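Structure, as structure tokens:
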Amino acid sequence: MKIFNSFLIAAAACSVVACTQRPQQQQPEPIRLFNGTDLNGWTYYIEDSTKNPQEEFVVRDSVIALSGTFGYIRTDSAYNNYKLNVEWRWPDSATNSGIFVQIAEDGIWPSCYECQLWTGRAGDLINSGGSNCAEYRNDTTLMIVPKMVPSNEKPVTEWNTAEIICTDSTVTVSINGTEQNQITGISNKSGHIGLQSEGGPIEFRNVVLTPLN
């Protein structure tokens with residue numbers, strides 16, 4: 001009996017060692033979409049063809065500075081299933097802008113979902129350019145899915161944080177650490193990331209995408 005018990009103890013010990021030696025699943029590395037130096041890897045879209053987008057959308061003091069001229073910049077690459085972290089601030093006065101996710105087609109109003117950054121409305125989600133979601137279909141007059149809790153934006157010149165999680169079926173938005181919105185049943189399963197210029201100067205930095213397993 002003692003020999004049998006010793007065998008069981010030894011077998012259990014081997015099982016513990018085997019479990020602890022199993023390779024752990026490696027987490028995806030974050031991707032810095034903005035290198036802090038230039039807009040390499042980004043494409044410009046501007047409404048007014050008489051203006052030079054490379055003069056309106058620039059990198060200054062290690063931040064992306066958009067003039068407010070109507071348009072946007074977007075990543076050359078498309079992505080799906082990710083967490084996107086972005087910091088933004090108003091350098092002069094709070095106006096209007098947005099963060100685009102799942103851009104499927106360019107245009108004045110691209111096919112995407114816009115995380116609204118309009119002052120007092122940061123966290124609203126807009127179905128843009130024909131994109132769709134379950135919440136939009138519930139009321140065909142409502143392109144905007146309003147944020148869930150009162151505005152928690154910071155004053156002009158202070159940096160805000162946006163976290164946007166995109167999966168095959170949902171887009172979830174948090175502003176300054178507070179979950180503000182979620183849409184489900186999305187039609188755009190993947191796409192480019194965009195930063196909007198609309199109404200007045202805005203700055204962005206630390207644009208980081210983390211793939212999800």
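Keep in mind that what you see is a predicted model, and the values were worked out from it rather than measured.
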What is the distance from atom OH of Y113 to atom CD1 of I126, rounded to the nearest 0.5 Å?
-> 13.0 Å
Short side-chain to backbone donor-acceptor contact, N81 and D168, under 3.5 Å | yes
Donor-acceptor under 3.5 Å (Q102 side chain, K189 main chain) | yes
I165: which of L212, V171, T170 passes side-chain contact (heavy atoms from CB on, under 4.5 Å) | L212
Do S131 and S128 have side-chain atoms, one donor and one acceptor, less than 3.5 Å apart?
-> no
Does V156 share a hydrophobic cluster with V86, counting links as ILVMFWY side-chain heavy atoms below 4.5 Å and allowing steps through other members?
-> yes
Between OG1 of T75 and CD1 of I103, what distance do you get to the nearest 0.5 Å?
-> 7.0 Å
Donor-acceptor pair between E135 and T184 side chains, under 3.5 angstrom = yes
Hey, are N176 and N160 close enough side-chain-wise for a donor-acceptor pair under 3.5 Å?
-> yes
Go through T172 and E179 one step at a time and tell me if the side-chain hydrogen bond (donor to acceptor under 3.5 Å, both in side chains) criterion holds.
-> CA-CA 8 Å; T172 305; E179 184 172 320; 5.4 Å; no
Rounded distance [0.5 Å steps], CD in Q116 versus CG in D124 = 6.0 Å
How about L117 and W88: do any of their side-chain heavy atoms sit closer than 4.5 Å?
-> yes
Of all heavy-atom pairs linking N127 and C133, the shortest is OD1-SG, 3.4 Å
Does T37 reach the side chain of V59, with side-chain heavy atoms less than 4.5 Å apart?
-> no
Who passes ring-ring contact (aromatic ring centres under 6.0 Å, His included) against Y45, sequence neighbours left out?
-> Y72
Between E56 and T69: side-chain donor-acceptor atoms closer than 3.5 Å = yes
Hey, mind stepping through L33 and V208 against side-chain contact (heavy atoms from CB on, under 4.5 Å) and telling me if it holds?
-> CA-CA 6 Å; L33 300 179; V208 180; over 6 Å; no
Is a donor on one side and an acceptor on the other found under 3.5 Å between the side chain of N80 and the backbone of T167?
-> no
Value for SG (C115) from CZ (R121), rounded to nearest 0.5 Å, stands at 12.0 Å
Between W42 and R74, is there a cation-pi geometry (under 6.0 Å to ring centre, at most 45° from the normal)?
-> no
Under 4.5 Å between any side-chain heavy atoms of V101 and Y79, yes or no?
-> no
Can you name the closest pair of heavy atoms from E153 and S151 and give their distance?
-> OE2-OG, 3.0 Å
Do the non-hydrogen side-chain atoms of T95 and W90 ever get within less than 4.5 Å of each other?
-> yes
Heavy atoms, side chains only, cut-off 4.5 Å: are L195 and F34 in contact?
-> no
Passes side-chain contact (heavy atoms from CB on, under 4.5 Å), K154 versus W159? Steps please.
-> CA-CA 7 Å; K154 295 183 180 180; W159 288 100; over 6 Å; no
Separation of S197 OG from I73 CD1 (nearest 0.5 Å) | 9.5 Å
Going by heavy atoms in the side chains, are E163 and I175 under 4.5 Å from each other?
-> no
Just by modelled atom types, is the V63 backbone N or O under 3.5 Å from a matching donor or acceptor in the E203 side chain?
-> no
State whether a side-chain donor-acceptor pair under 3.5 Å links S97 with E198.
-> no
Will you find, in the side chains of Q196 and N96, an N or O donor that is under 3.5 Å from an N or O acceptor?
-> no
Test L84 against V207 for side-chain contact (heavy atoms from CB on, under 4.5 Å), laying out the working first.
-> CA-CA 7 Å; L84 176 69; V207 185; 4.2 Å; yes
Side-chain donor/acceptor of E105 to backbone N/O of P110, under 3.5 Å | no
Check P211 against P28 and note the closest heavy-atom contact, atom names and distance.
-> O-CG, 3.5 Å
Same hydrophobic cluster for I164 and F100, using side-chain heavy-atom links shorter than 4.5 Å among ILVMFWY?
-> no
Rounded to the nearest 0.5 Å, how far apart are CG of D92 and OG1 of T157?
-> 10.0 Å
Could you please spell out the steps behind the side-chain contact (heavy atoms from CB on, under 4.5 Å) verdict for T210 and Y82?
-> CA-CA 5 Å; T210 303; Y82 58 84; over 6 Å; no
Under 3.5 Å, is there a donor-acceptor pair between the R32 and N206 side chains?
-> yes
With no hydrogens and no angle check, do the side chains of N188 and S111 hold a donor and an acceptor under 3.5 Å apart?
-> yes
Residue D76 excluded, over 12 heavy atoms near CG under 6.0 Å = yes
Hey, are the side chains of E87 and F204 touching, using non-hydrogen atoms and a 4.5 Å cut-off?
-> no
On the 0 to 90° scale, with breaks at 30° and 60°, tag the F70-W109 ring pair as parallel, tilted or perpendicular.
-> perpendicular
